[in-house]
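Report on the following structure.
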Amino acid sequence: MTDTPILHVDMDAFYASVALRERPDLVDQPVVVGGSGRGVVLAANYVARRYGVRSALPMTRVRRLCPHVVVLPPDYDTFTSVSASVMETFREVTPIVQAVSLDEAFLDVRGSVRRLGAPVVIAEQLRSAIHDEQGITCSVGVAATVSVAKLASRRAKPDGVIVVPPSEVTTFLHPLDVGELYGVGEKTQALLQRFGLVTVGDVAHTPVRTLQRAVGHHLGSHLHDLAWGTDRGDLTPTAGPHEPERSMGADETFSRDTDDRDVIVRELLRLSARVAGRMRAAGVAGRTITLKVRFADFTTITRSRTMSEATDVTVEIHRAVTRLYDALGLQRARLRLVGVRVEGLVPRSTVHRQLVLGEPEHGWAEADRAVDLATRRFGSAAVRPASLVVERA
DNA sequence: TCTGGGGTCCTAGGACCC
DNA sequence: TCTGGGGTCCTAGGACCC
């Protein structure tokens with residue numbers, strides 16, 4: 001038996017560490033993985049962090065903070081395959097693995113201690129296995145609950161392990177900044193601060209009703225639980241066929257702001273095709289179609305429309321978002337970003353389409369299937385709508 | 001040449017139904 | 001004929017996470 005059965009394993013600077021396996025010559029240099037132009041940092045190695053470089057920082061600021069930083073482009077195929085191998089290593093320890101993202105997971109090792117040893121021993125075994133197999137380091141938090149394990153792994157970084165036994169939970173939690181709690185971002189932290197609540201201990205000693213008045217009913221009671229480390233925190237194993245997504249979407253920031261309707265409608269077509277293609281690959285269709293528009297000043301609005309029937313057809317999604325866009329009646333507003341999202345996803349097999357006699361929808365669905373087939377065979381650059389083909393002079 | 005892209009969940013008001 | 005209460009769906013926005 002153990003009183004700290006939950007492990008939170010978090011890769012250190014995951015994207016950067018994976019990218020550096022190919023470039024060992026750069027390990028002592030400041031390195032970030034990120035986009036170009038208007039992109040942000042996806043991951044920064046610990047050398048870059050000494051300059052104040054962090055995830056989500058705009059690249060323009062990164063270059064100011066650290067002019068000699070090396071920027072590597074993300075290689076998601078490699079990240080995905082390294083992640084899959086790491087998750088496989090976790091499942092050799094316990095079947096109860098809940099992946100949070102490519103680079104972190106919770107493990108319930110309750111059933112493994114007799115075979116493998118105490119949780120802290122398992123944590124060290126995992127760390128050396130991942131280091132040997134993948135050439136990257138990770139940190140592990142060990143605790144009785146999910147939320148405490150998560151905070152412990154952050155404290156353990158980089159390349160360490162921290163165990164927080166139940167008797168030490170409040171001593172560990174209460175001095176922390178409220179912003180460390182899962183679910184407390186910039187806004188909520190500022191809100192709590194106005195109530196004089198700065199540390200986790202402050203939140204713990206505030207009546208639930210008061211918290212709920214400050215931050216809303218749900219979050220208020222949630223924060224109170226987190227502040228005492230009493231969240232239930234049962235794991236939902238993500239092995240095998242995972243839960244279907246509730247929505248799928250794609251958005252894109254223009255390389256420069258635009259008010260050109262042709263450019264915008266063409267981008268909406270590209271995004272609609274991308275989303276619809278992923279939906280068909282996943283075998284889902286959806287009824288609610290949402291347009292997202294971000295203006296040059298970064299204000300963002302959404303407009304959605306729920307259809308009578310679910311679709312996975314590119315031209316139907318494109319037509320819906322184009323109507324929503326035109327209904328905005330924008331004149332010369334410059335847009336920074338547009339996005340397309342489809343919600344209310346259901347398995348494609350449950351959709352029975354009521355085709356209006358003579359409507360050519362059938363033809364569009366078949367055109368999509370032909371595109372999917374050609375894409376699988378020749379790659380995504382091979383097939384695209386005519387309006388997306390750039391003529392070569 | 002500040003501020004990505006993929007998501008999830010919550011809130012709140014109004015419509016509509018019983 | 002003077003006003004209720006619950007449930008669900010839709011829409012829009014916002015906060016948050018990695």
Side-chain angles (χ1 to χ4, degrees), chain A residues 8 10-11 13-16 32-44 54-65 67 71 73-74 76 79-80 83 98-106 146-147 150 153-154 178-192 212-213 215-223 226 236 242-257 271 274-275 278 282 286-308 320 324 327-328 336-345:
Chain A
H8 180 251
D10 200 337
M11 304 299 128
F14 181 60
Y15 293 174
V32 300
V33 172
S36 51
R38 303 174 109 174
V40 299
V41 174
L42 297 170
R54 294 278 180 279
S55 285
L57 216 58
M59 293 305 298
T60 46
R61 280 191 61 194
V62 171
R63 292 188 192 282
R64 240 176 293 149
L65 285 168
V71 180
Y76 288 101
F79 299 153
T80 303
S83 175
Q98 180 177 345
V100 179
S101 64
L102 286 184
D103 75 326
E104 59 178 286
F106 291 102
V146 163
S147 69
K150 169 113 178 152
S153 72
R154 190 181 303 171
V178 272
E180 301 263 336
L181 294 179
Y182 190 87
V184 178
E186 211 180 329
K187 307 283 181 175
T188 306
Q189 183 168 14
L191 194 58
L192 291 169
Q212 289 176 325
R213 270 200 301 278
V215 299
H217 188 268
H218 189 92
L219 188 57
S221 54
H222 183 59
L223 289 187
L226 291 182
T236 313
H242 56 292
E243 296 187 19
E245 273 83 8
R246 297 177 190 281
S247 72
M248 284 191 193
D251 44 49
E252 186 137 308
T253 299
F254 295 112
S255 51
R256 42 195 319 178
D257 300 344
L271 295 169
R274 197 185 298 169
V275 173
R278 278 167 44 206
R287 285 176 59 212
T288 302
I289 297 172
T290 303
L291 165 75
K292 176 157 88 173
V293 168
R294 174 167 293 152
F295 297 99
D297 70 354
F298 222 75
T299 57
T300 307
I301 61 171
T302 61
R303 290 294 180 269
S304 64
R305 172 81 210 274
T306 299
M307 328 286 271
S308 54
L324 290 166
L328 287 173
R336 179 188 179 87
L337 164 149
V338 288
V340 175
R341 177 162 295 277
V342 181
E343 296 166 69
L345 301 186

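Order of the sequence lines sets the chain letters (A, B, ...), proteins ahead of strands, with each chain counted from 1. Bear in mind the structure is a predicted one, so any value in this text is a computation, not a measurement.
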- Which one, C:dT11, C:dG13, B:dT8, comes nearest to the side chain of A:Ser247? B:dT8
- Would you mind telling me which of B:dG5, C:dC18, B:dT3 lies closest to the side-chain atoms of A:Thr253? B:dG5
- Nucleotide nearest A:Arg303 when distance is taken to its side chain, options C:dC16, C:dG13, B:dG4: C:dG13
- Answer yes or no: does a side-chain N or O of A:Lys292 lie under 4.0 Å from OP1 or OP2 of C:dG14? no
- Message: As a test of reading the structure: which of B:dG6, B:dC2, C:dC10 is closest to the side chain of A:Pro58, going by heavy atoms?
- Response: B:dC2
- Using only side-chain N and O atoms of A:Thr290, determine if any of them is under 4.0 Å from OP1 or OP2 of C:dA12. no
- May I ask you to say what A:Ser36 touches in the nucleic acid, namely base, sugar-phosphate or nothing, with a heavy-atom cut-off under 4.0 Å? nothing
- Task: Starting at atom CG of A:Leu57, determine the distance to atom C1' of B:dC2, rounded to an integer number of angstrom.
- Result: 9 Å
- Task: Please work out if A:Val184 contacts a base, only the sugar-phosphate, or nothing of the nucleic acid, heavy-atom cut-off 4.0 Å.
- Result: sugar-phosphate
- Query: Is any side-chain N or O of A:Arg274 closer than 4.0 Å to OP1 or OP2 of B:dG6?
  - Reply: yes
- Quick one: which of C:dG13, B:dG4, C:dC18 gets closest to the side chain of A:Glu104? C:dC18
- For the pair made of CZ in A:Arg341 and P in B:dC9, what is the distance, rounded to whole Å? 12 Å
- Message: Parallel, tilted or perpendicular: which one describes the rings of A:Tyr76 and A:Tyr15, with boundaries at 30° and 60°?
- Response: perpendicular
- Task: Report the distance from atom NE2 of A:His8 to atom C1' of C:dC17, rounded to the nearest whole Å.
- Result: 11 Å
- Heavy-atom side-chain contact between A:Val184 and A:Leu226 under 4.5 Å: no
- Query: Can you check whether A:Thr188 has a side-chain N or O nearer than 4.0 Å to OP1 or OP2 of C:dC16?
  - Reply: yes
- Out of B:dC10, B:dG6, C:dC10, whichever nucleotide has its closest atom nearest the side chain of A:His218: B:dC10
- Task: Report the distance from atom CZ of A:Phe295 to atom P of C:dG13, rounded to the nearest whole Å.
- Result: 10 Å
- Query: Does the side-chain ring of A:Phe298 lie flat on the base of B:dT3, meaning centres under 5.5 Å and planes less than 30 degrees apart?
  - Reply: yes
- side-chain contact (heavy atoms from CB on, under 4.5 Å) between A:Lys292 and A:Thr290, intermediate numbers included: CA-CA 6 Å; A:Lys292 176 157 88 173; A:Thr290 303; 5.5 Å; no
- Query: Base, sugar-phosphate, or nothing: which does A:Gly339 touch, judged by heavy atoms less than 4.0 Å apart?
  - Reply: nothing
- Examine C:dA12: is either OP1 or OP2 under 4.0 Å from a nitrogen or oxygen in the side chain of A:Ser304? Give yes or no. yes
- Is the distance from OP1 or OP2 of B:dC9 to the nearest side-chain N or O of A:Arg246 less than 4.0 Å? yes
- Item | Nucleotide nearest A:Asp251 (side chain, heavy atoms from C-beta), chosen from C:dC16, B:dG6, C:dC17 | B:dG6
- Query: Closest nucleotide of DNA chain B for A:Leu337 versus for A:Arg64: which of these residues is on the 5' side?
  - Reply: A:Arg64
- B:dC17 - base-pair partner by Watson-Crick or wobble geometry, distances under 3.5 Å: C:dG6
- Query: When you check the glycosidic angle of B:dC2, does it come out syn, meaning within 90° of 0, or anti?
  - Reply: syn
- Kindly point out which of C:dC10, B:dT8, B:dG4 is positioned nearest to the side chain of A:Glu245? B:dT8
- Out of C:dT11, B:dG6, B:dG4, which nucleotide sits closest to the side chain of A:Arg336? B:dG4
- Message: With side-chain contact (heavy atoms from CB on, under 4.5 Å) as the criterion, how do A:Val41 and A:Met59 come out once you've worked through the C-alpha distance, each side chain's angles and the decisive distance to 0.1 Å?
- Response: CA-CA 6 Å; A:Val41 174; A:Met59 293 305 298; 3.9 Å; yes
- 5' priority, DNA chain B, between A:Gly216 and A:Met248 [closest heavy atom]: A:Met248
- In whole Å, what is the span from the CZ atom of A:Arg305 to the C1' atom of C:dA12? 16 Å
- Message: If you compare every side-chain N and O of A:Thr306 against the phosphate oxygens of C:dT11 (OP1, OP2), does one of them come in below 4.0 Å?
- Response: yes
- Query: Between CG of A:Leu337 and CZ of A:Phe295, what distance do you get to the nearest 0.5 Å?
  - Reply: 11.0 Å
- Round to a whole Å and report the spacing from CD of A:Glu252 to P of B:dG4. 12 Å
- Item | Syn-anti status, with the boundary at 90° from 0, for the nucleotide B:dT3 | anti
